[in-house]
Engineer: 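Take a look at the following structure, please.
First listed ligand is number 1; within each ligand, the first listed atom is number 1. From a predicted model like this one, the values you see are computed outputs, not experimental measurements.
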Amino acid sequence: MTIGILTSGGDAPGMNAAIRAIVRAGLYHGWRVVGINRGYVGLMSGDTREMTSTSVSEIIGRGGTILYTARSEEMMSLGGQARAAANCREMGLDALIVIGGDGSFRGARALADLGIPVIGVPGTIDLDIPCTDYTIGFDTAVNTAMEAIDKIRDTSSSHERCSIVEVMGRSAGYIALYCAISTGAEDVLMPERWHGDEQELIRNVLERRNLGKKHSLIINAEGVGHSEELAKKIEAATGVESRATILGYLQRGGSPTCRDRIMATLMGGRAVDLIAEGKLNRVVAYRKDGIVDYEIHEALEMKKEMGNVLYSMMPMLRQ
Ligand code: F6P
């Protein structure tokens, strides 16, 4: 039995912990484990390495992915998918485990349709995969962003400024919402809820000044964007000095938190169990009862609905 493993799309802290769990669990079953470098790009060029127990030593606490990652345009084309499937056959892969986000799962689904058995493991800081309530990397990313925002708050408060901090998340606002609640921000803008009413934001900043607050902190999701522009508009309308900070890639790096190491280990372990049980073409997921799995087509058709509990607390907390 030979299994392949790759990481694809944006890297996420905890991917290494998942790789480690998969390699060790695979070897435990007596299988051969092949690491594919640079995601689907490496799959198409046949860029592989043999995974041994020692090749995953001392990586559980390391951010990034030792297998490297890439976004592959080619994997979106039928030709690219056929080439990737042909290489899986040539490598003698009995199954391929793909650690990544929704885009990576779509690549895996295409391979499944071409007869290559696949398992998806959700890894992205964005928490935007509909079939799962947790994705590897989210906890580390929000903790990293939270600490950075706490620091921005210190200087913003000393200068009595308004700070707009833009966080990652692509078109999802989970990182923004968690950061806003955990840093005590006054406002949060997220693609799922943003109404486009800048006047309301401006009114909120002025209200807080009138209440005697010395600074304002607004968390903006990258899916809403225009942070610099917003800062200028707020400053012009309120007279409050305003600054935008875009946190950027620092949110994707760093040593994974305990939660990410545990979730990655559980999810990686389940991926190998599924193969051992002959349950193929599935995506590992997390729901409130623990680790579950879904058929890959079914998983990719699910829609995500952001809960309202945290968001609905914002007006009360900003007082
Ligand atoms: O999906 C993770 C993520 O960091 C998103 O939050 C962001 O929109 C995107 O990746 C950035 O991608 P890239 O590394 O290709 O610039």
Side-chain angles (χ1 to χ4, degrees), residues 6-19 37-42 62-76 80 98-108 120-149 164-180 182 188-194 219-228 244-257 259-260 263-264 267 283-286 299-300 302 304 306:
L6 61 82
T7 49
S8 162
D11 65 343
M15 279 184 165
N16 281 330
I19 294 170
N37 298 319
R38 298 178 186 83
Y40 293 119
V41 172
R62 270 169 57 190
T65 159
I66 58 160
L67 289 177
Y68 306 104
T69 187
R71 300 190 192 278
S72 166
E73 290 266 324
E74 211 183 335
M75 192 58 194
M76 291 177 201
V98 172
I99 308 172
D102 247 5
S104 310
F105 287 179
R106 280 193 286 277
V121 173
T124 166
I125 63 166
D126 301 337
L127 194 67
D128 61 347
I129 304 181
C131 72
T132 183
D133 295 333
Y134 194 73
T135 58
I136 297 164
F138 176 74
D139 189 59
T140 309
V142 284
N143 275 290
T144 303
M146 178 188 76
E147 284 170 20
I149 296 165
I164 294 152
V165 184
E166 187 173 311
V167 295
M168 278 186 164
R170 201 179 288 277
S171 51
Y174 294 96
I175 298 178
L177 181 60
Y178 273 58
C179 284
S182 62
V188 59
L189 316 186
M190 319 182 281
E192 296 90 340
R193 299 281 188 277
W194 173 233
I219 309 298
N220 188 22
E222 73 168 329
V224 171
H226 307 106
S227 297
E228 294 281 356
T245 306
I246 298 172
L247 286 188
Y249 291 101
L250 73 86
Q251 294 162 94
R252 282 221 309 245
S255 175
T257 58
R259 177 158 206 228
D260 274 324
M263 292 302 287
M267 288 177 163
V283 169
V284 177
Y286 176 77
L300 280 165
M302 292 181 185
K304 195 153 183 139
M306 182 182 256

Engineer: Taking all non-hydrogen atoms of both residues into account, name the closest pair between Ala18 and Ile136 and its distance.
Structural biologist: CB-CD1, 4.1 Å

Engineer: What protein heavy atom sits nearest atom 9 (C) of ligand 1, and how far away is it?
Structural biologist: Arg170 NH2, 3.5 Å

Engineer: Provide, to 0.1 Å, the distance between atom 15 (O) of ligand 1 and the closest protein heavy atom, together with that atom's residue and name.
Structural biologist: Arg71 NE, 2.8 Å

Engineer: At what distance is the nearest protein heavy atom to atom 16 (O) of ligand 1, and which residue and atom is it?
Structural biologist: Tyr249 OH, 2.4 Å

Engineer: Given Leu67, which of Asp11, Asn16, Ile19 fulfils the side-chain contact (heavy atoms from CB on, under 4.5 Å) condition?
Structural biologist: Ile19

Engineer: Using every non-hydrogen atom in the two residues, find where Ala264 and Ala17 come nearest and quote the distance to one decimal.
Structural biologist: CB-CB, 3.7 Å

Engineer: Among all protein heavy atoms in this structure, tell me which lies nearest to atom 1 (O) of ligand 1, with the distance rounded to 0.1 Å.
Structural biologist: Asp126 OD2, 2.7 Å

Engineer: Can you tell me which residue and heavy atom of the protein come closest to atom 4 (O) of ligand 1, and the distance to 0.1 Å?
Structural biologist: Arg252 NH1, 2.8 Å

Engineer: Look at atom 8 (O) of ligand 1 and say which protein heavy atom is nearest, naming residue and atom and giving the distance to 0.1 Å.
Structural biologist: Glu222 OE2, 2.4 Å

Engineer: Over all heavy atoms of both residues, which pair between Pro122 and Ile129 is shortest? Give the atoms and the distance, please.
Structural biologist: CB-CD1, 3.7 Å

Engineer: Have Asp260 and Tyr134 got a donor and an acceptor in their side chains that come within less than 3.5 Å?
Structural biologist: yes

Engineer: What part of Gln251, side chain from CB on, backbone N/CA/C/O, both or neither, has a heavy atom under 4.0 Å from ligand 1?
Structural biologist: neither

Engineer: Any nitrogen or oxygen of Gly169 lying under 3.5 Å from a nitrogen or oxygen in ligand 1? Just yes or no.
Structural biologist: yes

Engineer: May I ask you to decide if Met306's main-chain N or O and Glu192's side chain share a donor-acceptor pair within less than 3.5 Å?
Structural biologist: no

